[in-house]
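Counting begins at 1 with the first residue of the sequence.
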Amino acid sequence: NLIGKRFSQDFNCDYYKDYSEAIAKSNADVVIISVINKFIKEIAIEALKNNKHILVEKPLGRNYSEAQQIVDLYLNKCLENPNPKFKMGFNHRFHPALWEAKKLLSINKIGKIFSIRARYGHGGRIGMENEWRASKELCGGGELLDQGVHIIDLIRWFSGEITSVYGTI
């Protein structure tokens with residue numbers, strides 16, 4: 001609390017202890033949600049109910065059900081106001097090498113994509129099993145939800161909707 005209060009004084013901004021209060025009382029247009037997965041749904045729903053634009057860092061919840069609840073509310077809000085913005089943040093799209101590859105692909109310098117093979121994950125550092133990412137309650141879907149969504153997003157960014165998938169373990 002002391003750090004938050006001091007920050008608000010130093011930067012002449014409001015201080016709130018509770019995200020609900022901040023969303024409801026703030027005159028901000030946009031809410032950026034960058035929290036542990038467990039808390040995404042409640043914050044996103046609160047922001048949507050208060051007619052805020054939203055940027056949520058991936059994923060959109062711990063599971064399909066949570067994500068679908070957010071999407072359903074967003075779509076209902078779009079019926080009332082066709083202008084709300086709701087975006088997912090995928091930071092891998094901003095890696096310079098990927099930007100360059102996307103550019104080369106868009107100007108036909110590297111041919112067409114006909115297949116994608118991807119490997120991605122954490123290196124298994126010591127103590128990783130004790131972090132929030134390893135908690136089903138906090139994170140949800142494991143490695144696919146945590147890191148695999150980056151691969152899925154990049155595939156869709158580079159080549160459009162996915163039509164076929166094959167996987168082995």
Tell me every residue that passes ring-ring contact (aromatic ring centres under 6.0 Å, His included) with [X], counting only those two or more places apart in sequence or in another chain.
X	value
H92	H95, Y120, H150
Y74	F86
Y16	none

Extract all donor-acceptor atom pairs below 3.5 Å that involve side chains of residues 105-113 and protein atoms in other chains or at least two apart in sequence.
unit_1, atom_1, unit_2, atom_2, d
S106, OG, K102, O, 3.4
S106, OG, K103, O, 2.8

Greater than 12 external heavy atoms within 6.0 Å of R93's CZ: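 Enclosed: over 12 neighbouring heavy atoms sit under 6.0 Å from CZ of R93.
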message = With a 6.0 Å cut-off (strictly less than), is the heavy-atom count around CD1 of I162, excluding the residue itself, greater than 12?
response = yes
Rounded to the nearest 0.5 Å, how far apart are [atom1] of [X] and [atom2] of [Y]?
X	Y	atom1	atom2	value
C139	N63	SG	CG	11.0 Å
I23	D18	CD1	CG	8.5 Å
E42	I33	CD	CD1	10.5 Å
L145	K136	CG	NZ	9.5 Å
N91	L98	CG	CG	10.5 Å

Tell me whether [X] shares a hydrophobic cluster with [Y], the cluster being built from Ile, Leu, Val, Met, Phe, Trp, Tyr side chains joined at under 4.5 Å.
X	Y	answer
L55	L75	no
V30	I70	no
V149	I36	yes
Y15	F11	no
L138	V56	yes

Partners meeting salt bridge (charged side-chain N to carboxylate O under 4.0 Å, His left out) with [X] (sequence neighbours left out):
X	value
E46	none
K41	none
K38	E137
K5	none

(Q) Between the side chains of R125 and E131, is the shortest nitrogen-to-carboxylate-oxygen separation below 4.0 Å, so that they form an ion pair? (A) yes
Are the charged groups of D29 and K52 less than 4.0 angstrom apart, N to O?
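Not counted as a salt bridge, because no side-chain N and carboxylate O are separated by less than 4.0 Å.
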What residues, two or more places apart in sequence or in another chain, satisfy side-chain contact (heavy atoms from CB on, under 4.5 Å) together with [X]?
X	result
W99	F94
K49	I45, L73
E80	K77

With a 4.5 Å cut-off on side-chain heavy atoms, are [Y] and [X] touching?
X	Y	answer
I54	K85	no
N37	L60	no
V31	Y19	no
F7	D10	no
L144	I151	no

| query | Between the side chain of E66 and the main-chain N/O of R62, is any donor-acceptor distance below 3.5 Å? | reply | yes
task = Give every residue pair that meets the ring-ring contact (aromatic ring centres under 6.0 Å, His included) criterion with at least one member in residues 25-67, sequence neighbours excluded.
result =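 Sorted pair list comes back empty.
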*With salt bridge (Lys or Arg N to Asp or Glu O under 4.0 Å) as the test, would you mind laying out the steps for K58 and D146 before giving the verdict?*
CA-CA 8 Å; K58 69 85 188 158; D146 185 38; 3.5 Å; yes
Can you give me the closest heavy-atom contact between E57 and G89, atom names plus distance?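 Distance-wise, the nearest heavy atoms are OE1-O, 3.4 Å.
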Discussion item. Assess the residue pair D14 and S26 against the criterion (side chain to side chain contact (heavy atoms under 4.5 Å, CB included)); give the C-alpha distance rounded to whole Å, side-chain angles, the decisive distance to 0.1 Å, and a yes or no.
Written reply: CA-CA 8 Å; D14 296 328; S26 168; 5.9 Å; no
